[in-house]
Chemist: 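Handing you a structure now.
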Amino acid sequence: MAPSARFTEDFAYEVLSVVGEIPEGTVATYGQIARLIGRNKNSRLVARVLSHASDYGEFPCHRVVNHAGRLVPGWPEQAFLLRQEGVELKDAMHVDLRKYQWEC
DNA sequence: AAGTTGACAAGAG
DNA sequence: ACTCTTGCCAACT
């Protein structure tokens, strides 16, 4: 049980549920996830859930990037993980969304 | 209580 | 592609 339910367990559960559906070799954007769960204005909250995802369990949070395809600032390891799954990187900090963005 | 910060998005220049 | 501004919402100070 959460020490003090961050935003509402529902929101966190919805986000993590979607993240868990992202197939290997693909990535999703915060805005995309936010829309899938019906909260397209809450894209920032999606990011916050992922940053605390470890508190809820283990999820492929490395498959989530921002709208520009840029990887998480402050987490260089993410590029390595994506590369292992077959995601081609444009730079050390960007993925090729036009090829690897997850479609629902 | 109020202002700032942040793994963001979208529009404008 | 980049920076600046606006909107959004919870956590932090």
Side-chain angles (χ1 to χ4, degrees):
Chain A
M1 148 169 191
S4 50
R6 279 26 218 259
F7 338 5
T8 52
E9 295 180 2
D10 286 340
F11 185 78
Y13 189 81
E14 291 175 273
V15 172
L16 294 171
S17 193
V18 172
V19 171
E21 286 293 301
I22 304 173
E24 295 184 3
T26 51
V27 297
T29 68
Y30 298 100
Q32 183 172 7
I33 294 173
R35 287 179 186 183
L36 282 173
I37 65 179
R39 287 166 178 73
N40 81 305
K41 303 295 180 61
N42 298 69
S43 48
R44 305 179 91 150
L45 305 196
V46 174
R48 193 164 324 211
V49 171
L50 293 177
S51 77
H52 292 272
S54 308
D55 296 342
Y56 297 92
E58 297 179 17
F59 298 89
C61 17
H62 60 270
R63 295 185 191 138
V64 184
V65 296
N66 76 353
H67 195 271
R70 198 188 70 174
L71 304 184
V72 176
W75 189 18
E77 212 173 61
Q78 182 179 22
F80 183 72
L81 293 170
L82 288 170
R83 220 171 121 88
Q84 287 184 77
E85 296 189 353
V87 176
E88 188 176 357
L89 301 178
K90 294 167 67 87
D91 301 275
M93 289 291 282
H94 293 78
V95 294
D96 195 337
L97 282 181
R98 62 184 180 176
K99 291 182 186 172
Y100 299 104
Q101 183 168 27
W102 176 49
E103 50 184 299
C104 35

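Reminder, nothing fancy here: chain letters follow the sequence lines and each chain counts from 1. Keep in mind that what you see is a predicted model, and the values were worked out from it rather than measured.
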Chemist: Look at A:Glu88 together with A:Arg83 and state whether they make a salt bridge at an N to O cut-off of under 4.0 Å.
Modeler: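 The answer is no: the pair does not qualify as a salt bridge.
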Chemist: Side chain of A:Trp75, heavy atoms from C-beta onward: which of C:dC8, B:dC8, B:dA7 has the nearest atom to it?
Modeler: B:dA7
Chemist: Ignoring hydrogens and angles, answer whether the base of B:dA7 and the side-chain atoms of A:Tyr30 contain a donor-acceptor pair closer than 3.5 Å.
Modeler: yes
Chemist: What integer distance in Å separates A:Met93:CE from B:dA7:C1'?
Modeler: 10 Å
Chemist: On a whole-Å scale, what distance lies between the P atoms belonging to C:dG7 and B:dA7?
Modeler: 22 Å
Chemist: What is the distance, to the nearest angstrom, from the CZ atom on A:Phe11 to the C1' atom on B:dC8?
Modeler: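 The answer, rounded to whole Å, is 11 Å.
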Chemist: Minimum heavy-atom separation for A:Ala79 and A:Ala92, please, with both atom names.
Modeler: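 Minimum heavy-atom separation between A:Ala79 and A:Ala92: CB-O, 3.8 Å.
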Chemist: Taking CG from A:Leu97 and P from C:dA1, how many angstroms apart are they, rounded to a whole number?
Modeler: 10 Å
Chemist: Mapping A:His67 and A:Pro73 to their closest nucleotides on DNA chain B, which lands nearer the 5' end?
Modeler: A:Pro73
Chemist: Strictly below 4.0 Å: does A:Arg35 bring a side-chain N or O up to OP1 or OP2 of B:dA10?
Modeler: yes
Chemist: When you measure from the side chain of A:Arg63 to the backbone N and O of A:Ile22, does any donor-acceptor pair fall under 3.5 Å?
Modeler: yes
Chemist: Can you check the A:Ile37 CD1 to C:dC8 C1' distance for me, whole Å?
Modeler: 14 Å
Chemist: For A:Asp91 and C:dC2, give me the distance from atom CG to atom P, rounded to whole Å.
Modeler: 8 Å
Chemist: Without decimals, in angstroms, what is the distance between A:Asn40 CG and B:dC8 C1'?
Modeler: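 Taking CG of A:Asn40 and C1' of B:dC8, I get 12 Å after rounding.
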Chemist: Between A:His62 and A:Glu85, is there a side-chain donor-acceptor contact under 3.5 Å, judged purely by atom types and distance?
Modeler: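 Present: a donor and an acceptor within the cut-off.
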Chemist: May I ask you to test the A:Thr29-A:Asn66 pair for a side-chain heavy-atom distance under 4.5 Å?
Modeler: no
Chemist: As a test of reading the structure: which of B:dA9, B:dA7, B:dC8 is closest to the side chain of A:Thr29, going by heavy atoms?
Modeler: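 Of all the options, the side chain of A:Thr29 is nearest to B:dA9.
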Chemist: B:dA10 C1' sits how many Å from A:Arg70 CZ, rounded?
Modeler: 16 Å
Chemist: Let me know the distance between CG of A:Asn42 and C1' of C:dA11, rounded to the nearest Å.
Modeler: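 To the nearest whole Å, that distance equals 15 Å.
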